[in-house]
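These values consider heavy atoms only, across backbone and side chains, with no hydrogens, waters or symmetry-generated copies.
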Amino acid sequence: AFTAQVRRERAFGPRRTETASGRDRRRDEDEDDDSIFESSQTGPARTRSRTSSPTNDQYNPPRDRDPGNERRQRELSVKVPGNSQGLDTGLELRTGDQVTLSAEGSIVAGQRVGSVNANGRQGSFFGNPRYPFPQAGAGALLGFIRDTAGRQSQIFLVGTQLTFTAQAEGKLFLLVNDDNYGDNSGEFIVRIKLN
């Protein structure tokens, strides 16, 4: 059951006079009738359509027929901490999506490595087989895609800049290339653009 209260602002203007028919008649014909239950000469109130129509109706604005269009042009920024072993960016990718990532900032990838940008440390720390991606230096920014079943794509190097076409569907994850995350600090700020 519902309880409804209907209120209408009343104008305290000209007074009513009784007619021979027993109905109220106003002295001022321009005044609106304040009875909400009597028939109106202007017709019924405007109702909202239950179906979507491509009109300029304020209640039914036109909708884009392509539901994928909302997600095609999307940009976001995420912070990837220096000890990240797999940060969910929240970005759902589909096969064929073109993604551009650019990373700024620096992290400390342990005392031996020191401060590095998203390209990671080059030199003697390059090629460590214990790293998630041995082909990149310590502290490098990496990525992978995980599908809804939990399967993970191959890890790839993001570095400071990367544009790629998604070869799998799923969420984009970002991580840091290291074998000991306990002594890492700092963060990368990664801008992600989906076309």
Considering all heavy atoms, the nearest P132-I155 contact
CB-CD1, 3.8 Å

Minimum heavy-atom separation for V116 to A109, with atom names?
CG2-CB, 4.5 Å

Kindly say whether N184 contributes a backbone atom to a donor-acceptor pair with the side chain of N83 at under 3.5 angstrom?
no

Please, which pairs that meet ring-ring contact (aromatic ring centres under 6.0 Å, His included) have at least one residue in residues 144-171, sequence neighbours excluded?
F144-F173, F156-F164

Same cluster or not: are Y181 and V108 linked, directly or through other Ile, Leu, Val, Met, Phe, Trp or Tyr residues, by side-chain heavy atoms under 4.5 angstrom apart?
no

4.5 Å side-chain heavy-atom contact, V99 and L194:
yes

Can you tell me how far CD of Q152 sits from CG of D147, rounded to the nearest 0.5 angstrom?
10.0 Å

Distance col, row Q161:CD vs L141:CG, nearest 0.5 angstrom, shows 11.5 Å

Strictly distance-based, threshold 3.5 Å: is any side-chain N or O of R121 a donor or acceptor partner for the main-chain N or O of V113?
yes

Partners meeting salt bridge (charged side-chain N to carboxylate O under 4.0 Å, His left out) with D183 (sequence neighbours left out):
none

How long is the span from the CG atom in L93 to the OG1 atom in T165, to the nearest 0.5 Å?
11.0 Å

So CG of L76 and CZ of R191: to nearest 0.5 Å the spacing works out to 11.0 Å

Check whether any side-chain N or O of N177 sits under 3.5 Å from a backbone N or O of A136 as a donor-acceptor pair, and report yes or no.
yes

Where is the tightest heavy-atom contact between L87 and K79, given as atom of each residue plus distance?
CD2-O, 3.3 Å

L174 versus L101: any side-chain heavy-atom pair under 4.5 Å?
yes

Looking at L172 and T89, what are the two nearest heavy atoms and their distance?
O-OG1, 2.7 Å

Side chains of L162 and L157 in contact at under 4.5 Å (non-hydrogen atoms):
no

Would you give the length of the straight line joining atom CD of E75 to atom OG1 of T100, rounded to the nearest 0.5 angstrom?
9.0 Å

Please give me the minimum heavy-atom distance between Q85 and L175, naming the atom from each residue.
C-CB, 3.7 Å

Of all heavy-atom pairs between A103 and G159, which one has the smallest distance, and what is that distance?
CB-O, 3.7 Å

Value for OG (S84) from CD (E187), rounded to nearest 0.5 Å, stands at 11.0 Å

